[in-house]
Amino acid sequence: MLGSIVRSAFGRWRAVATVEHVRDLIQKGDLARASEAAVRLHAQTPRRDLVQRCLQAEIAFRQGRDDEAQAGFKWVLGEDPGYVEAHYGLSLMLFEQGQPDAALRHAQFAANAQTQDPRYFAQLGLCHVQLGNYPIAEGMLRAALRALPDDKTCWNNLGIVHAAKGDGRAALEAFEKALAIDPHFENARRNLELLQQEKLQVLPPAAWTPKQALPLPSLATDGAPWGAAWREAVALHQAGRHDEALRRAEALAGQWPDEPELAVQLGKMYAAQGDSQGGIETMLAFVQRHPQEAQVLVALGQAYSTVSQHRMAEICLRRAVESGDDSAETLACLAEVLHMREHYAEAADMTAEAMAKLGRRSVNLIAQLAAAQVMACRYEEALQTYEELFALRGKENNPALGGYSLCITYLGRYEEAERILDHMLAHNPNEPSLRVQRFQMRLLHENYEGGWEDYLYRGLSYSKFFRVLPFPRWQGEPLEGKRIIVLAEQGLGDQVMFASCLPDLLALGPSQVYVEAIHRVAPTLARSFPSCVVIPTDQNRELDWVKDVGEADYYVPLGDLPARFRRSKESFPATPYLLPDPVRVAYWREQLQKAGPGPYIGVSWRGGTELTRKVLRSFSATMLAPLATTHQATWINLQYGEVAADIEAAAAAGMTIHHWGEAIADLDEFAALIGALDAVLTVCNTTVHYAGALGKKVWVLAPHIPEWRYGLHFERMPWYADVTVMRQPQPGAWEEPVARASSLLGTFLAHK
C-alpha cells in the first residue's frame, strides 16, 4: 500500500514541470530532458500555450532545427506580437544567422520589457560584443552574471571584453571560469589558447571605465551575535550551495527580525542569486516595520535602481535623507537616480552637495557632476568640471570625452567636438550613443546623408520607448504590391514632421501602408493621408493592434523614413500636407471673430522637457507683450500646459492672449484652430510642426544653438513651406529674435 502511494505521488510529480525547471535544463544543455519537461508544463502556468511554444522553439533552435524553431517563435508572435520571450528567441536565431543588428533590436525590446531577466542581458551582451560595443557589452554581461554565475557563454564573452580592454589577466580568469563550468567548451578553450599566444584579435575601444555604484558603508558583522552564523551562510553561497545559504540566512533574519544590517545583507544575497525582487521584498518588509531605518532605505533604493525602478528608488533615498542619512554616499546615489529620472538640474546640485560632504574631489563624483551639468544645459559650468576631471585623469581616451564633446557642441566648438566623436567611433563604430551624438552634429550642419545614417542607431542609444515588430525591418527594398507598417516613435512634433515622408513611401507602390500614430495625432493624420490605414495607439509595448493588421512584408520606424527620402536639402518638398477638419476650421473662425478683429496671430513661449533642453527653449510670456503695443492683432494662445498665470502676467504687461483650453488639449482641434489663424509666432515646440505642416506662416524663436531640426545657418526650415527661424545671437539673448520677429510680423501685416 505504502509503495503504491509513493509511486502515485511520484507519478503526479513527474506529470508536471515548471518553466524554471525547463529553463534550467536548457541552460545546462540537457535538451532531451528539457523537451520532455516542456511537454509536461504545469496546466496552471500563465499563458501556458505561448510559454510552451517558446520553450519548445528554443529547444529546437539549440538542437539545430531552425525551421521548426522559427515557426514556433513566429506562431507565438502571431498570437501576441509583443511577447518578449518570443522576441528573445528570435534574437537567438538572428544572431546565429549572422544578423547581430537585428538580433540586438529584438533583445533590446525584450530587456526593456523584462529588465530583471538575466538571459536578455546575456543576449544583449553577446550582440554588443559582436558589434564591437565593448563598454556596453561589459555592463550587460556583468548584470547577467550576477544572476547566472554559472553561464559559461557570459564568462567567455566577458573574457573577450577584457581582452579588448587590454586586461589580459582578467581575460585569462574569465576564460578559465568558462572552462571550469564546462571543460569541453570549445569557444573558451580556443580563445584562451589565442590569448596565451597573443593572437586573440579584438577591436580595441577608445577607452571606458565600467560604471561603479558607490558602495554602502561596510557592514561590520564581526561583533554581531549573528555574525558567525551569517559568515557560514556566505560560505555556503560562495560554494554554490545557494538554496542552503538562503535557508540559513532567512532563518537568521527570522531570529533577529529587527537587525537592519542583517536585512541589508539578506537582500544582497537574494540579488546575488538572481532574485532581485526577493531582495527588494525582504528589505521592503523591514522598512514597513521600521520606516525610518535609513541604512535599509538606502540599500532598498539602490536595489530598486538596479532593476530600473527609479521612481521607487528616489522615494526610498529621499526618505533615508529625511531620516538623517545625508552622507556623501547616499546623496550621490540619490543624485544618480535623479539623473536617470531626467531631473538634471537637481541631480547636478545634489552631486555638488555630495562632493562637499565628502570633503574631497572624487573623480567619480566629478564625472557624475559634469554629466548632470551638461544635461541641465549648464555648459560653461560643465566645461570647467570637465577640465578639472581631465587634469586629474588626463584627456586622451578619457571615458568622459563623449559628454565633453556634447558640452562643447552646445558651446559652438563644432570642429573639436566632431574630431572627438570621429576618433571614438573609429574604435567603436557601432556605439549607439556616439552615433546619435554625431547625427545631431551632422544634421545641425545640414549633412543629411551622413546624419541619417547615424540616426538609425537612435533606438539603441535612448531605449526607453524602443519597440520592434516580428517582421523584416524595411531597408529600402522594392515595395510594389507589399504591405508595410510604419511604427510610431518619439514625440508628437516628430511624428508630424516625419509624416511628411509618407507621400514618398506611398509613391513606391505598396499595396497597403499601415501607420501607427499616438492617439492625439492619429485623427489629423488619418484625414491627411486617406490612402493609409492610420492606427491610433498608446505607443507602448502592448502590440495587440498588430494582430488586426495580420501578416506584413515589412515594418519601418517612422524616423527611418528620412534616411530614404531626405538625403539632401533638395529632397525636401516643403509643401503643406496636414489637413484640418474644415467644419472645425469654420467654427474657430467664428470664435476668433467674436474675440476681436483680425489678423489672428497664434503665440507659444515654452518648449521641451528637461531632457530636451526646456530651460533654453522657453521664456516668459511677458517678453511677447511689446508686440501688442506695436501691432494691431488679436493674439491667440497655442501654448500647451498650465497657462493661466502666464496669460495673466502678459495681460498685466499689456498683451491680451485669448485661450480656449479645448483647442489645446485635443490636437485635432488644435490643427483646426491653427487652420483658422493668419500666422504663428512660437518657440521650438510641437506648434512649429503643426503650423508648418498646415502651410501657415510661422516665425520660430530658437536658442543660439538649437535642436538639430532647426539647423545652424538656414533661415527657412526645409521641412515646411513657410517657417522662418530666428536664432539668439548668443545664449539667453531673446531680445534680438523677438525684435526681428516683430519686424517680420509688421511687414506681413502691412500686406494683409
With sequence neighbours left out, what residues match [X] under side chain to side chain contact (heavy atoms under 4.5 Å, CB included)?
X: Glu293; answer: Pro260, Phe286, His290, Gln295, Val296
X: Ser305; answer: His310, Ala313, Val337
X: Glu176; answer: Leu172, Leu192
X: Val363; answer: Leu389, Leu392, Arg393

Which residue pairs pass the salt bridge (charged side-chain N to carboxylate O under 4.0 Å, His left out) test when at least one of the two sits in [range], sequence neighbours left out?
range: residues 348-367; value: Asp326-Lys357, Asp349-Arg378, Arg361-Glu388
range: residues 179-189; value: Lys152-Asp182
range: residues 299-315; value: Glu314-Arg318, Glu314-Arg341

Given 3.5 Å as the limit, does a donor-acceptor pair link the side chain of Asn428 with the main chain of Glu431, or not?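 Not a single qualifying donor-acceptor pair exists.
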Does the pair Arg23/Glu85 count as a salt bridge with the N-to-O cut at 4.0 Å?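 Salt bridge between Arg23 and Glu85, a charged N being under 4.0 Å from a carboxylate O: yes.
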Could you work out, with ring pair (Phe, Tyr, Trp, His ring centres under 6.0 Å) as the rule, every residue matching [X], not counting sequence neighbours?
X: His339; result: Tyr344
X: His21; result: none
X: Tyr304; result: none
X: Tyr88; result: Tyr120

Would you mind listing every ring pair (Phe, Tyr, Trp, His ring centres under 6.0 Å) that reaches into residues 138-157, with sequence neighbours excluded?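 Sorted result for residues 138-157: empty, none.
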